[in-house]
Visitor: 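Here it is, the structure in full.
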Amino acid sequence: MSNRLFDTTVQQLKYEVIKELIKAYDNGLNNEIFHDIPIKIMPGPEASLRCCVYKERAILQERLKLAMGGDKTNPNVVEVIDIACDECPVDGIFVTPACRGCISHRCAEVCPKNAITIENKHAVVDKEKCIECGKCTQACPYNALVLQKRPCVNSCKANAISVDSAKKAVIDNNKCVGCGACVYQCPFGAIADKSYILDALDILKNSENNTKYKVYAIIAPAIVAQFNYARIEQVITGMGKLGFFQVIETALGADKTLDEEADELKEHGALTTSCCPSFVRYIQINFPELVKYISSTPSPMVMTGRLIKAMEPTAKVIFVGPCTSKKFEFKSDIAKDSIDCVISFEELQAFLDARNIDVSTLEDTVLNNASYFGRIFARSGGITEGVTELAKERGFEAKPIAMSGLDECKKQLLLLKLGKSPYNFFEGMACDGGCVNGALCLHHGPKSLTDVNKYGEKAKEQKIENSIKLYELAGANKKDKK
């Protein structure tokens, strides 16, 4: 794995657990895995990451439970591993050694709750009174007061994470939008996503080598920026060796989504995109008055699944992507008849390695399913480019804005709510930079954006209309079968 780097050790641990689980599945699952797998990953006797090897193994047992689907009573795809959540400092305002004991006492003067007193010429914060408004941190000329938040709390732009009396992270499912930012940002891996890899393995196994039914993999366009040790065409070949009948670009569904959203925009005059489930849920929870603007067009994942099911009604469809958001969407009513399972890029890597498939040694399998515009859905701004192009062709004006990350989404949605937005098309991505920075990517960074653009330029079809002809063909085939 030295040439297949993840961003973090936490990702490496998740990968190891999934890989060993797949190996165990191939050899017949039994309860011994909860004993054997943690010891194999953390053999000891010395601890490498925690206070002792026994705690490391206990946490790995919890990771293994998540790898096997997690808490079935919890509808959220993201869960907190309580035993792993014990190393972060308590939230709140604290005074650093930079406090000079000045006589102006601006920090105390601006505090609306009188939570700051001066003792022995230094500021002291009363945690019981403090409401963490941050005014004191802005007033101090020495920046000696700091508002410290846990990485998970700080990363959650939906304000769905809090800390309970036991100092453990708690996720409010009524506020959570399933973006997975906390999963990637937690330095101790105490928040993790559920895996449906066992479901995927069952689907492939029960197909009996695609004789009982065919198993299709649909890949998110962000995949092109992930496997930096091999060409995407080699990865596709490797997926065939895993047992998939065919691999289809979700970018094909993106082309159809673009086509329909352009029509919706022309008809309604203002529209927010439906491609990112976390963005859609963010609107539903925080801006219910704007729900009327949400596109009724299904996401590219659902679109592609519908296309396959229209052509092959008995087929099973497994989406492979970069985010927890799609695991969240896969459980929704809109996707239940189109998508049978979702796995992440992290899990795909583990799958390949568990089966000893080195894709860098394989021949190429070329994909030509989608247009340039469908492929660049993977990055922020890709949808707006496509809609702008279609608007010109269809004789109306699109005034799009690409919103990268929920903070930017919140800002622009507020303007729309107040009737002060100059835009009429709102592309929302919960992840900064778009899907290429999804929580379950192998790695993140500027290079990913470059890779996506290059892959888009390699598309055989540069026009969206050429890609969506496949949908028309599928519809005709469906009518003929009736």
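The structure displayed is predicted, hence computed values, not measured ones.
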Visitor: Looking at every non-hydrogen atom in both residues, tell me the closest pair between K417 and L290 and how far apart they are.
Guide: CA-CD2, 3.9 Å
Visitor: So, do V125 and T117 sit near enough that their side-chain heavy atoms are less than 4.5 Å apart?
Guide: no
Visitor: Consider side chain to side chain contact (heavy atoms under 4.5 Å, CB included). Of L348, I218, V342, V247, which one does V320 pass it with?
Guide: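 Among L348, I218, V342, V247, the one that satisfies the side chain to side chain contact (heavy atoms under 4.5 Å, CB included) with V320 is L348.
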Visitor: May I ask you to decide whether R106 forms a salt bridge with E109, counting only side-chain N to carboxylate O separations under 4.0 Å?
Guide: no
Visitor: Can any side-chain N or O of T324 pair as donor or acceptor with the backbone N or O of G178 at less than 3.5 Å?
Guide: yes
Visitor: Check whether any side-chain heavy atom of F319 lies under 4.5 Å from a side-chain heavy atom of E329, and answer yes or no.
Guide: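 No, too far: nothing below the 4.5 Å cut-off.
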Visitor: Filter on salt bridge (Lys or Arg N to Asp or Glu O under 4.0 Å), then keep only pairs touching residues 114-126, sequence neighbours left out; what's left?
Guide: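 As it turns out, there is no salt bridge (Lys or Arg N to Asp or Glu O under 4.0 Å) pair with a partner in residues 114-126 once direct neighbours are skipped.
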Visitor: How close do R50 and E56 get, heavy atom to heavy atom, and via which atoms?
Guide: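 So the minimum-distance heavy-atom pair works out to N-OE2, 3.0 Å.
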Visitor: Can you find a heavy atom in the side chain of I191 that is under 4.5 Å from one in the side chain of C182?
Guide: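 Yes, their side chains come closer than 4.5 Å.
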Visitor: Please say whether more than 12 non-hydrogen atoms of neighbouring residues, nucleotides or ligands are located less than 6.0 Å from NZ in K410.
Guide: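 Atom NZ in K410 is not crowded, with 12 or fewer foreign heavy atoms closer than 6.0 Å.
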Visitor: Do other residues, nucleotides or ligands put more than 12 heavy atoms under 6.0 Å from the NZ atom of K157?
Guide: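 Above 12, so yes.
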Visitor: Report yes or no: does T304 contribute a side-chain atom to a donor-acceptor pair with the main-chain N or O of G253 at less than 3.5 Å?
Guide: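 Such a contact is found between T304 side chain and G253 backbone.
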Visitor: Work out which heavy atom in I161 is nearest to a heavy atom in A169; give both atom names and the distance.
Guide: CG2-CB, 4.3 Å
Visitor: Is there a donor-acceptor contact under 3.5 Å from the side chain of S278 to the main chain of V177?
Guide: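 Such a contact is found between S278 side chain and V177 backbone.
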Visitor: Using a cut-off of 6.0 Å, state whether more than 12 heavy atoms not belonging to N31 lie near its atom CG.
Guide: no
Visitor: Can a donor-acceptor pair be found, under 3.5 Å and without considering hydrogens, that links the side chain of E79 to the backbone of A192?
Guide: no
Visitor: Does K168 come within less than 4.0 Å of D82, counting only side-chain N to carboxylate O?
Guide: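 Salt bridge absent between K168 and D82.
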Visitor: Does K127 count as lying over the ring of F94, i.e. NZ or CZ under 6.0 Å from the six-ring centre, within 45 degrees of the axis?
Guide: no
Visitor: Search all heavy atoms of N424 against all heavy atoms of P400 and return the closest pair with its distance.
Guide: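 Closest approach of N424 to P400, heavy atoms only: OD1-N, 4.3 Å.
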Visitor: Using modelled atom types and a 3.5 Å cut-off, is there a donor and acceptor pairing between side-chain atoms of E264 and backbone atoms of S296?
Guide: yes
Visitor: Distance-only, no hydrogens or angles: does the E427 side chain make a donor-acceptor pair with backbone N or O of I383 under 3.5 Å?
Guide: yes
Visitor: Less than 4.0 Å between a side-chain N and a carboxylate O, is that true for K205 and D26?
Guide: no
Visitor: Short question: side chain of K194, backbone of D71 - any donor-acceptor pair under 3.5 Å?
Guide: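 Side chain of K194 to backbone of D71, a donor-acceptor pair under 3.5 Å: yes, one is there.
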Visitor: Assess whether atom NE2 of H122 is packed by more than 12 heavy atoms of other residues, nucleotides or ligands within 6.0 Å.
Guide: yes
Visitor: Using a strict cut-off of less than 4.0 Å between a Lys/Arg side-chain nitrogen and an Asp/Glu carboxylate oxygen, indicate whether K327 and E347 qualify as a salt bridge.
Guide: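 Answer for the salt bridge query: yes.
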Visitor: Donor-acceptor pair, N154 side chain versus R150 backbone, under 3.5 Å?
Guide: no
Visitor: Examine K316 relative to F244 and say whether NZ or CZ is less than 6.0 Å from the centre of the six-membered ring and inside a 45° cone about the ring axis.
Guide: no
Visitor: Quick check: do I248 and I308 have side-chain heavy atoms less than 4.5 Å from each other?
Guide: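 With C-beta onward as the side chain, the pair touches.
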Visitor: May I ask you to check whether over 12 heavy atoms, not counting those of K72, lie within 6.0 Å of atom NZ?
Guide: yes
Visitor: Between Y293 and H268, is the ring centroid distance below 6.0 Å?
Guide: no
Visitor: Going through the checks in order, is the salt bridge (Lys or Arg N to Asp or Glu O under 4.0 Å) test met by K309 and D340?
Guide: CA-CA 11 Å; K309 300 270 186 173; D340 297 286; 2.8 Å; yes
Visitor: Please name the pair of heavy atoms, one in T384 and one in G381, separated by the smallest distance, quoted to 0.1 Å.
Guide: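 Closest approach of T384 to G381, heavy atoms only: OG1-O, 2.8 Å.
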Visitor: Taking S338 for the side chain and G305 for the main chain, is one N or O donor matched with an acceptor at less than 3.5 Å?
Guide: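 No.
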Visitor: Is there a donor-acceptor contact under 3.5 Å from the side chain of Q11 to the main chain of C441?
Guide: yes
Visitor: Does the side chain of L64 reach to within under 4.5 Å of the side chain of I33, using non-hydrogen atoms?
Guide: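 Side-chain contact under 4.5 Å: yes.
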Visitor: Is it true that D193 and K14 have a side-chain N and a carboxylate O under 4.0 angstrom from each other?
Guide: yes
Visitor: Counting only heavy atoms not in E128, do more than 12 fall under 6.0 Å of its CD?
Guide: no
